[in-house]
Novice: 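Before I ask anything, here is the structure I am working with.
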Amino acid sequence: QIQLVESGGGSVQAGGSLRLSCAASGRAFETYAMGWFRQAPGKEREFVAAVTSSAKGTYYADSVKGRFTISRDNAKNTVYPQMSSLKPEDTAVYYCAADRLGRASYSLKEYDYWGQGTQVTVSS
């Protein structure tokens, strides 16, 4: 198994940018698909973006497409979304997740390991 720790969250003004980071410890990080989800107050956790284990495929929720870019650096055991043109509706706790089968699924149920989350707050 692996352990995941998110960082890079904070408070920004609308239109600003943040880069989140998910640092993984453990074996075989390069074989895991990595996903990002978020959960706003009073709402269910929702899919944001994912990248396959090979990094050949990336996937985005419609709400963030064109604004967020997910990438991974297997040599550093990290994955991160670069978030630009942030909107107040992006405010949420953002979670990193790992799928040992490398599927890059839209469903949170397909992920085996989760970080503790990092808060992103976007003010208008």
Side-chain angles (χ1 to χ4, degrees):
Q1 67 177 54
I2 60 174
Q3 295 183 350
L4 307 173
V5 179
E6 302 97 334
S7 62
S11 298
V12 298
Q13 295 291 316
S17 299
L18 282 175
R19 175 186 275 198
L20 304 184
S21 177
C22 178
S25 61
R27 298 180 179 179
F29 170 79
E30 70 278 3
T31 70
Y32 290 75
M34 301 298 297
W36 282 87
F37 294 77
R38 67 186 182 187
Q39 187 165 20
K43 297 184 178 180
E44 296 183 357
R45 194 169 299 185
E46 65 178 0
F47 173 80
V48 176
V51 58
T52 62
S53 58
S54 66
K56 294 182 179 180
T58 56
Y59 308 92
Y60 300 92
D62 288 343
S63 60
V64 307
K65 193 173 298 182
R67 300 188 297 118
F68 291 10
T69 301
I70 189 170
S71 62
R72 65 189 297 156
D73 186 338
N74 289 340
K76 297 182 178 180
N77 283 11
T78 58
V79 61
Y80 57 90
Q82 175 66 50
M83 309 190 300
S84 301
S85 300
L86 285 163
K87 304 175 181 179
E89 49 263 46
D90 294 319
T91 295
V93 176
Y94 283 72
Y95 296 90
C96 176
D99 171 17
R100 61 186 174 181
L101 297 182
R103 293 170 289 186
S105 176
Y106 290 83
S107 174
L108 59 84
K109 296 182 178 179
E110 302 298 331
Y111 291 85
D112 302 291
Y113 307 105
W114 292 82
Q116 297 302 305
T118 186
Q119 177 72 47
V120 172
T121 302
V122 184
S123 59
S124 60

Novice: Mind checking whether W114 and R45 have side chains closer than 4.5 Å, heavy atoms only?
Specialist: yes
Novice: Heavy-atom distance under 4.5 Å between the side chains of E44 and L108, does that happen here?
Specialist: no
Novice: Taking the side chain as everything from C-beta on, heavy atoms only, tell me whether M34 gets closer than 4.5 Å to Y32.
Specialist: yes
Novice: Can you name the nearest heavy-atom pair linking S124 to A14, along with the distance?
Specialist: CA-CB, 4.2 Å
Novice: Any side-chain heavy atom of M83 sitting closer than 4.5 Å to one from L20?
Specialist: yes
Novice: Can you find a pair of side-chain heavy atoms, one from Q39 and one from Y95, that are under 4.5 Å apart?
Specialist: yes
Novice: Answer yes or no: is there a side-chain heavy-atom contact under 4.5 Å between D112 and D99?
Specialist: yes
Novice: Indicate the atoms forming the closest heavy-atom contact of R67 with L86, along with that distance.
Specialist: NH1-CA, 3.8 Å
Novice: Is the shortest side-chain heavy-atom distance between R38 and D90 below 4.5 Å?
Specialist: yes
Novice: If you measure from the Lys or Arg side-chain nitrogens to the Asp or Glu carboxylate oxygens, is any gap between D62 and K65 under 4.0 Å?
Specialist: yes
Novice: For the residue pair Y59 and F47, is the inter-centroid distance of their aromatic rings smaller than 6.0 Å?
Specialist: no
Novice: Flag this pair as yes if the NZ/CZ of R19 is under 6.0 angstrom from the six-membered ring centre of Y80 and inside a 45 degree cone about the axis; otherwise no.
Specialist: yes
Novice: How close do I2 and A98 get, heavy atom to heavy atom, and via which atoms?
Specialist: CD1-CB, 3.6 Å
